[in-house]
Amino acid sequence: MVKDENAGKQDAPERINFNAVAVKWQKKWAEAAIFKAKEDSKKKKYYVLEMYPYPSASYLHMGHVRNYTIGDAYARFKRMQGFNVLYPMGYDSFGLPAETAAKKEGIHPRKYADDAMKKIMEYQKALGNSYDWDRVLYSHDPDYIKWNQYFFIKLLEKGLAYRKKAPVNWCECCQSVLANEEAEGGKCWRCDKEVVKKDLSQWFYKITAYADRLLEDLKKIDWPEKIKVMQENWIGKSYGTEIDFEIDDEKWSIFTTRPDTIYGVTFMVISALHPRLLELTDAKHKPEVEAFIRKCQKVRTPEEIEALEKEGVFIGKYAINPINNEEVPVYAGNFVLADYGCGMVMAVPAHDQRDFEFAKKYKIPVRVVINSPMFDLNAEKMSRAYTSEGSLINSGEFNGSASYDAINEITQHLEKTGKGRKTIQYKIKDWMISRQRYWGTPIPIIHCPQCGVVVVPYKDLPVLLPDKVDFNAAENPLLSSKEFLEVKCPKCGGQAHRETDTMGGFVDSSWYFLRYCDNKNKDKPFDADKVNYWMPVDQYVGGAEHAVMHLIYARFFVKALQDLGFVKFDEPFSKLFNQGILYKDGAKMSKSKGNIVTQDQIAKLYGIDTARFFLMFLAAPDKTMEWDDKTIEGTYRFLVKVYRMITEKKIVDKNIKNQESKTHKAIKEVTENIESFDYNIALIKIMDLANYLNSKEEISRKAAETLLLLLSPFTPHIAEELWEKIGNKDFISIAKWPAYDEKKIDEKLEAGEELYEKIRKDIISLQELTGIIKPNKVVFILPDNWKYSFIKELKKEMEKTRNAGELIKALCAKDKTHAKLIANFVPKFVKNPDKIPMVVLSAAEEKKALDDCIAGLEKEFKTKFEIVAEKESKHEKAANAMPGKPAIIFE
RNA sequence: GCGGGCGUGCCGGAGUGGCCAAACGGGACAGACUCAAGAUCUGUUGGCUUAGUGCCUACGCAGGUUCGAAACCUGUCGCCCGCACCA
């Protein structure tokens, strides 16, 4: 039989149009402006922020919906908890895609960006997120550009911005600089020719000046460990020794973490890309070296680098080892980084794997200077470098020292002779902000033939992009605009030209979160009081892919602004949450993979709240999760159930004890779960509560309202609609988050309900097993065994100790036959002596609890029930009965 | 190579020392309702079973700690993610 999967969807009259509900409330929220954030509140502030998106898409897919919902649920939760919440949205609207579109489709990047923004905003609004839409900002806004340039100048004045030559991706064929994305795989995206590294003047922000603070302050912030570790590695602090070797009577320093191996140096290697390599090279060897440099200039993919064999050429020079005045040959090599350390290394083949490979290839001697404590090393027979610790040999006066100690001893020795010193190296490099592109913030600099590099005066800001440029120009389109290029020098008034580099997008995103605090300020980038009120961001939400880019730049920027006196804090984001990636068909959901499910599709079918709920329910927000078309049906069913329950069931204005207890327990758990981003667990608890209430004839108003309040961060529209339907006039979105009272959580009541449920299930399964649907009589046999006396015994023992292990041992010694039961029950008492439900009851109390159930059970099963004490029972199985659950017999 | 994480039932995914054969959802199966289907409701869904508050097997694999382990430790295999010739 073929099932029509859509049959139900099409003609099921009970299908509720959650879409109309969403539209209705989005309109009302906007009209009442309830999500507007104000500084003058008496309430404690809370700043929730999602990383502002690049406005590219013509749709949002479920991956986006998931990300935005994580933040929105949190913002709503905090708002309801009584915080003064700032939750803004903006757009990272500068960048390459807009420019590429301009090139391909002839659309101006500004139009492209404006259109995309309009679209994405529309989609975001349809999500029902509680953004303060009055605070929208975007990076190509002339106001934003102005302050972006303003900060550039401030940093320049402080010496934190500078210009120097640096290698960039260069395509000889197109005569153009390429962004990294355009040079993927070492080939030009346009002409497919090989790309080379070329030195050009570039602008930098001096992030290295903050390396230590960036590292240290990681301790202060509550971020995922993974991100912190990535930043630590990126900053890459290492302690070592700088040692001066002499080449041609000139001092050439190198950096090493292993000065203890200095007697093992048999050659030196200078990076093939070292700026002074040719200067150092012997005339005779120049052609060879030059050819080698060209070979090394090709941009390579990480895979190629991995597979790359260590290679080099002798440059005809010798270096003098400062420790023993030995002469060793100097090579240019492809495995030494030009921009780390000094761009040159001392090579110790016996104790460094790279040096070892190089030495073997070029038949350079290997000299063992660290001997292994386990075996004697033999330079001739070694198949790989020995990089562990050991004791020094062949090392003059240091022979016999442990390598660990020798690091200091040798460094101190070199310090005395002035040939070396302790030093710290960082891997992090200064942040190159220059882009040879059109669609970015122009760098506010003028080049004057008379005065040199001149800063654009503050009063002339912003320097805006010219509209008419040739986007198909091979190089930076800005160079095609005379109107932009030609200016008068602000200093001498002579003819000068503008800097054509623009800033990379990460500059924009390094302070946008500050501008949200005061996004309309015309006189200043922001008002200090406002920023100091809202900042730092209390909860930042975004992808882990920004770990060492945006997240480190923004930290640097804030520290620099602190030093410049703009802000009073030194970390922008107190807490960070990384959302997981959404997969479909085994791959990350993305347009390029073609495996997307769009917001539209799902909203049309189920309403946006269903999508929100489902995305938060299926997996913890920080885990990768797989989209599943089928499972969302279940979520929809649940929401329909809630809708029916609230609109159709009897809501009563009285207090119902059991419901009150359940409700307070749910509040407690859900609140904790949301706080810690365990949204999936929170939703399970909410479902539990809903299902429980749904099983009752009537629902207390308090319980119904609580359910809606708990639900509202996740399904705000439906919650709002139902809130209104049960007679509330205000918005649930700004209603008070329910408080719980520990005293209202009545474990005994819960236990009573549980008992009822257990018995009910037992009766049903007995019905199935025996085939007796309607027994004449159901008999409960109350236990009257060792258990009650065991409890007394236990209480006695517990006065002596609360250690579960000891208690079990003690009790088992007295009663070996019940060892297993003892082990099972003891720990529960130890953990929670007051709250163990049925077990602590006496036989009489237990009978009473049972009595309480019977009325309901008799009604439900339409049968007589009877309670019999074990002694009076003629049934054998009664012997097994335990307190907390009587044996059940049909008669 | 270095760093981070993960491995649970038919599936997604909870659970990090004791009411765990394992939440919640999906799927499957059975029953109720219905002329029927859908929707809804109820139950079952590791094996054995004398049906029990029972036994056995199970949370990648192998050991260990503990009265007790899916959870803690050690080793091992497999997968994912980041960084990567950093001297």
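Per chain, numbering begins at 1; letters A, B, ... match sequence-line order. A quick note: this is a predicted structure, and the numbers were derived from the prediction, not measured.
- For Lys685(A) and rC24(B), a side-chain-to-base donor-acceptor distance below 3.5 Å is absent, hydrogens and geometry of angles not being considered.
- Using atom P as the reference point in both rG31(B) and rC11(B), the two lie 26 Å apart (nearest Å).
- The distance between atom CH2 of Trp223(A) and atom C1' of rG4(B), rounded to the nearest whole Å, is 16 Å.
- Taking a 6.0 Å sphere around NZ of Lys588(A), one finds it holds 12 or fewer heavy atoms contributed by other residues, nucleotides or ligands.
- Checked by atom type and distance alone, the side chain of His351(A) never pairs as donor or acceptor with a backbone atom of Ala385(A) at under 3.5 Å.
- Comparing atom distances between the Lys630(A) side chain and each of rG27(B), rC85(B), rC41(B) picks out rG27(B) as nearest.
- Taking the charged nitrogens against the carboxylate oxygens, Glu311(A) and Lys295(A) do have a contact shorter than 4.0 Å, which makes a salt bridge.
- If you check rU66(B) for Watson-Crick or wobble pairing at under 3.5 angstrom, you find it has no partner at all.
- With respect to Phe267(A), the ring pair (Phe, Tyr, Trp, His ring centres under 6.0 Å) criterion is satisfied by exactly one of Phe245(A), Phe358(A), Phe356(A): Phe358(A).
- Counted by atom type alone, Glu633(A) and Tyr606(A) present one or more donor-acceptor pairs between their side chains at under 3.5 Å.
- Taking the six-membered ring for Trp, Phe613(A) and Phe638(A) have ring centres closer than 6.0 Å.
- rC85(B) atom P lies 13 Å from atom CG of Leu273(A), rounded to whole Å.
- Remark: rU45(B) base-pairs with rG27(B); criterion is Watson-Crick or G-U wobble with both hydrogen-bond distances under 3.5 Å.
- Nucleic acid contact for Gly634(A): sugar-phosphate only, since backbone atoms but no base atoms lie under 4.0 Å from a heavy atom of the residue.
- A salt bridge is absent between Glu697(A) and Lys649(A): the closest approach of a Lys/Arg side-chain nitrogen to an acidic carboxylate oxygen does not fall below 4.0 angstrom.
- Following rounding to the nearest Å, Phe714(A) (CZ) and rG25(B) (C1') show an atom-to-atom distance of 16 Å.
- Residue contacts shown for Asp355(A) are absent, as no nucleic acid heavy atom lies under 4.0 Å away.
- Counting non-hydrogen atoms under 4.0 angstrom, Lys226(A) reaches the backbone sugars and phosphates but no base.
- Distance noted for atom C1' between rU65(B) and rC2(B): 31 Å (whole Å).
- Below 30°, between 30° and 60°, or above 60°: for Tyr636(A) and Phe18(A) the angle between ring planes is above 60°, a perpendicular geometry.
- Across all strands shown, rU53(B) remains unpaired; no Watson-Crick or G-U wobble contact has both distances below 3.5 Å.
- Comparing the same atom, P, in rA21(B) and in rA70(B) gives a spacing of 10 Å after rounding to whole Å.
- Under the salt bridge (Lys or Arg N to Asp or Glu O under 4.0 Å) criterion, Asp339(A) pairs with Lys429(A), sequence neighbours left out.
- Rounded to whole angstrom, the span from the CG atom of Leu615(A) across to the P atom of rG25(B) amounts to 18 Å.
- Note: CG (Asp352(A)) to P (rG1(B)) measures 16 Å, nearest angstrom.
- Listed nucleotides: rC41(B), rG82(B), rC85(B). Nearest to the side chain of Met230(A): rG82(B).
- Across the protein-nucleic acid pair, Ile227(A) atom CD1 and rG5(B) atom P stand 12 Å apart, rounded to whole Å.
- With both ends at atom P, the span from rC35(B) to rC48(B) equals 38 Å, rounded to whole Å.
- Judged by closest nucleotide on RNA chain B, Met687(A) is the one of Met687(A) and Gly236(A) placed further toward the 5' end.
- Near-neighbour residues of RNA chain B inside residues 338-349 of chain A, defined by a heavy atom below 4.0 Å, number-ordered: Tyr340(A), Val345(A).
- If you measure from atom NE2 of His546(A) to atom C1' of rC81(B), you get 16 Å, rounded to the nearest angstrom.
- Between rG9(B) and rG46(B), the distance separating the two P atoms is 12 Å to the nearest Å.
- One finds no side-chain N or O of Arg354(A) lying less than 4.0 angstrom from the OP1 or OP2 phosphate oxygen of rG1(B).
- Comparing rG27(B), rC24(B), rC85(B) by their nearest atom to the side chain of Leu337(A) picks out rC85(B).
- Side-chain atoms of Asn694(A) never come within 3.5 Å of backbone atoms of Ala690(A) as a donor-acceptor pair (strictly under, hydrogens ignored).
- Side-chain proximity of Lys427(A) to the nucleotides rG3(B), rC86(B), rC85(B) is greatest for rC86(B).
- No engagement by Val548(A) is indicated, since no non-hydrogen atom pair under 4.0 Å with the nucleic acid exists.
- Ring planes of Phe614(A) and Trp627(A): perpendicular class, angle over 60° (limits at 30 and 60°).
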Strictly under 3.5 Å: I want the nitrogen or oxygen pairs between protein and nucleotides 6-15 of chain B, one per line.
from	atom 1	to	atom 2	distance (Å)
rA14(B)	OP1	Lys623(A)	NZ	3.4

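- Separating the P atom of rG25(B) from that of rG75(B) is a span of 40 Å, rounded to the nearest Å.
- Regarding contacts with the backbone of rA87(B), every side-chain N or O of Arg258(A) stays at 4.0 angstrom or more from both OP1 and OP2.
- Here rA32(B) sits opposite rU40(B) as a Watson-Crick or G-U wobble pair (both hydrogen-bonding atom distances under 3.5 Å).
- Base orientation for rG9(B): anti, the chi torsion being more than 90° from 0.
- The partner of rG75(B) is rC61(B), judged by Watson-Crick or G-U wobble contacts that both fall below 3.5 Å.
- Rounded to whole Å, the C1' atom of rA32(B) lies 46 Å from the corresponding atom of rC80(B).
- As rounded to the nearest Å, rA62(B) and rU45(B) have P atoms that lie 27 Å from one another.
- Salt bridge present: Asp352(A) and Arg354(A) bring a charged side-chain N and a carboxylate O closer than 4.0 Å.
- With rounding to whole Å, Arg637(A) atom CZ is found 10 Å from rG25(B) atom P.
- In this model, a donor atom of one side chain and an acceptor atom of the other lie less than 3.5 Å apart for Lys641(A) and Asn691(A).
- Figure legend. rC83(B) is base-paired to rG1(B); pairs are counted as Watson-Crick or G-U wobble with both atom distances under 3.5 Å.
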